[in-house]
Protein chains: 2
Amino acid sequence: MRISELSRRSGVPGATIKFYLREGLLPPGRATAATQAEYSEVHLRRLRLIRALIGVRGLTVNATREVLTAVSEHEGDLHQVLGLVLGARPVNREEEPQGGLGSSEVNALVEQMGWQVSAHAPARRVIAETLESLRSLGADYSWRTLLPYAELARQTAVLDLDQLEDTDDSVEQAERALLLTVLLEPALLALRRMAQENESAARHGD
Amino acid sequence: MRISELSRRSGVPGATIKFYLREGLLPPGRATAATQAEYSEVHLRRLRLIRALIGVRGLTVNATREVLTAVSEHEGDLHQVLGLVLGARPVNREEEPQGGLGSSEVNALVEQMGWQVSAHAPARRVIAETLESLRSLGADYSWRTLLPYAELARQTAVLDLDQLEDTDDSVEQAERALLLTVLLEPALLALRRMAQENESAARHGD
DNA sequence: TATATTAGACAGTACGGGTATCCAGTTGCC
DNA sequence: GGCAACTGGATACCCGTACTGTCTAATATA
C-alpha cells in the first residue's frame, strides 16, 4: 500500500500522514526505492489509533508519541504498559518540583483507600492542584470530600481491568489498555454529565 | 482596587487581566475617570474562577466565556444553570449535524438507564464518537459495555447533586455547580488512574 | 510641577497542528 | 524508450489560541 491508498482508506489527508511520519508518530514504511515506500495494515491501524488519541481524546502530538512508543517498547508487560500510559498528561504543563500544600492531602486520601500508587504519579499532582484551586475559590473541599468519589473510581478501575483479563495477545492487550485508560475518558465524563442532567431533572422537577 | 492590585492579589499578570477584559471574560470595572477604573472583590473572585477553568480544566477562552455568561444570566434556576454548564465542551470542534451510527446506541443506553436527557446534549455526541472510534479500531464495544460504567456515573451524579443541596444562596449554588461539573473532572479522571494503577498492581503482583 | 500609574488599543510573540509547494526519483503504459 | 502520473521527503507557510509588550493620553500622588 502506498501513501495515497493509506490516505484514502483512513480518511486522513496525505500531507497529514507525512506530518505524522515526520513527527515519529507513525513508523516509516518499508522503502522499496528512493521515492517509494510500502505501508501495511499495521500502519493503517496505527494511524486510526493516532487520530483517535489526538481527535477524540485531546492528546497533543508529543503526548501521543510518548504513549505510543512506551506501549510498543514494553508490550508484554501489561502492568508496565499501564503504568506508562497512566503517566500521560492530557494537557502538558511544565513540570514543577511539586510540594504544594495539597499533596499531603492526596497522601491521606491514598492511604485511607489503601491504594498502592507510585509517589511520582502525575495523577497525584492533578488532584492536589484541583483541591488547591477549589479552596482558593472558597469552597471548603478536602480529601474527605473526595473519598466517596475515590470509591467509585475504584469500582470503575475494577471494570477496566476486568476487560483486560480476557485477552492473551500481548499487542492486543497493550492497545486495549490504551483504549480503556485514555480513549474512554471523554465518554466517562459524558456519562457523568448525562447522569447529572437526569438527576437534576429528577430532583427539581421539569 | 485598581488593576495593579488585582494583579498582585490574584497572581495574574496585568496584561493578561486586560486580555480577559477585552475578551469579555471579566466584566469591566466601575470607571471613575477616563483612565481609571475600580475593581471589586467580585472581580478577584471571578478572575480566580477564570484561571481555574482555563488552567486546571483545559477550557478555551471562548468556552469559558460562554459558561460564565450562561451562569450569570440564569443564576437562581439551578437546574437551568446545570443544563447550560453541561453544554460546555472541553475541546470545541465544529458542530456537525450528527446522525452517525453510534447515536442510536446512545439512545439505547439512555433508555436502558431510564435517564431523562435532552436530545441535543453534547454528551451524546461524545459517547457516540467514542463508540465509533473504538469500533473503527477493532474493539467490539457496544452500549452494553458502557452500562456498568453508566451505573457508576449515576452514583457519581448523586454525590454531585447532594453537594448542591446544602446551599441556599443562588449565586453560591451556581458557582458550586460550575466547580462540581467542570472543575472536578480532571480530579475524577486522576482518581480513576490511580485506582487503575492500584488494581493492576494488586492483580499482577509487583 | 514632576513622577508614577492607569485604561485601553493594537501589534507582536510562541506554540501547536497541520497545509502547500517543490523536486528528484519511480512507475505504468503505450 | 518516452511521458504523464504518482511518490517520498524536505521546506516553507498558514491559522488559531493565549497571551505579552508597547504606546498614548489621562489621571493620581508627592
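Numbered from 1 within each chain, the chains take letters A, B, ... in sequence-line order. The model shown is predicted, which means the values in this text are computed figures rather than measured ones.
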Checking side-chain polar atoms at under 3.5 Å, does A:Gln116 have a donor or acceptor matched by the opposite partner on B:Asn198?
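Per modelled atom types, A:Gln116 and B:Asn198 side chains form no pair under 3.5 Å.
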| said: Under a 3.5 Å threshold, yes or no: a donor from one side chain and an acceptor from the other, between B:Tyr141 and A:Gln163? | reply: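 Side chains of B:Tyr141 and A:Gln163: pair found under 3.5 Å.
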>> Testing the basics here: between B:Ser10 and B:Ile17, what is the closest heavy-atom pair and its distance to 0.1 Å?
In response: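 Closest heavy-atom pair between B:Ser10 and B:Ile17: OG-CD1, 4.3 Å.
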Can you tell me how far the CD atom of B:Glu38 sits from the CG atom of B:Leu6, to the nearest 0.5 Å?
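Result: 10.5 Å between the selected atoms.
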In this structure, how many angstroms lie between the [atom2] atom of [N] and the [atom1] atom of [X], rounded?
X: B:Leu6; N: C:dT5; atom1: CG; atom2: P; value: 17 Å
X: A:Ile54; N: C:dG16; atom1: CD1; atom2: P; value: 13 Å
X: A:Met1; N: C:dT27; atom1: CE; atom2: P; value: 18 Å
X: A:Asn62; N: C:dC15; atom1: CG; atom2: C1'; value: 11 Å
X: A:Arg8; N: D:dT7; atom1: CZ; atom2: C1'; value: 15 Å

Less than 4.5 Å apart, any side-chain heavy atom of B:Thr64 and any of B:Leu49?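 Not touching, per the 4.5 Å side-chain cut-off.
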Exercise. Quick one: does A:Leu147's side chain get under 4.5 Å of A:Leu109's, heavy atoms only?
Worked result: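 A side-chain contact under 4.5 Å exists here.
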What I want to find out is whether [X] reaches [Y] closely enough, with some N-O distance under 4.0 Å, to be called a salt bridge.
X: B:Glu185; Y: B:Arg57; answer: yes
X: B:Glu41; Y: B:Arg46; answer: no
X: A:Glu132; Y: A:Arg135; answer: no

* So which of residues 24-40 of chain A are in contact with DNA chain D, with a heavy-atom cut-off of under 4.0 Å? ->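 Within this stretch, A:Thr35, A:Gln36, A:Ala37, A:Tyr39 sit under 4.0 Å of the strand.
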Dot-bracket assigned to DNA chain D with the 3.5 Å Watson-Crick/G-U criterion, [ ] for crossing and | for other-strand pairs, is ||||||||||||||||||||||||||||||
Practice problem: Quickly, which of B:Ile127, B:Leu189, B:Val126 forms a side chain to side chain contact (heavy atoms under 4.5 Å, CB included) with A:Leu189? Name it, please. | Solution: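 Output: one option passes, namely B:Leu189.
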Worksheet item: Residues from residues 15-23 of chain A sitting under 4.0 Å of DNA chain C, heavy atoms only?
Response: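 Going residue by residue through residues 15-23 of chain A, the ones with a heavy atom under 4.0 Å of DNA chain C turn out to be A:Ala15, A:Thr16, A:Phe19, A:Tyr20, A:Arg22.
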Under 4.0 Å between a side-chain N/O of A:Arg51 and OP1 or OP2 of C:dG18, yes or no?
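For C:dG18, OP1 or OP2 has a side-chain N or O of A:Arg51 closer than 4.0 Å.
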ask   = Crowded around A:Arg65 CZ? As in, over 12 foreign heavy atoms under 6.0 Å?
value =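 More than 12 heavy atoms, drawn from other residues, nucleotides or ligands, come within 6.0 Å of this atom.
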On DNA chain C, does the nearest nucleotide to B:Glu5 precede the nearest nucleotide to A:Pro13 from the 5' side, or the other way round? Give the residue.
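The 5'-side residue here is B:Glu5.
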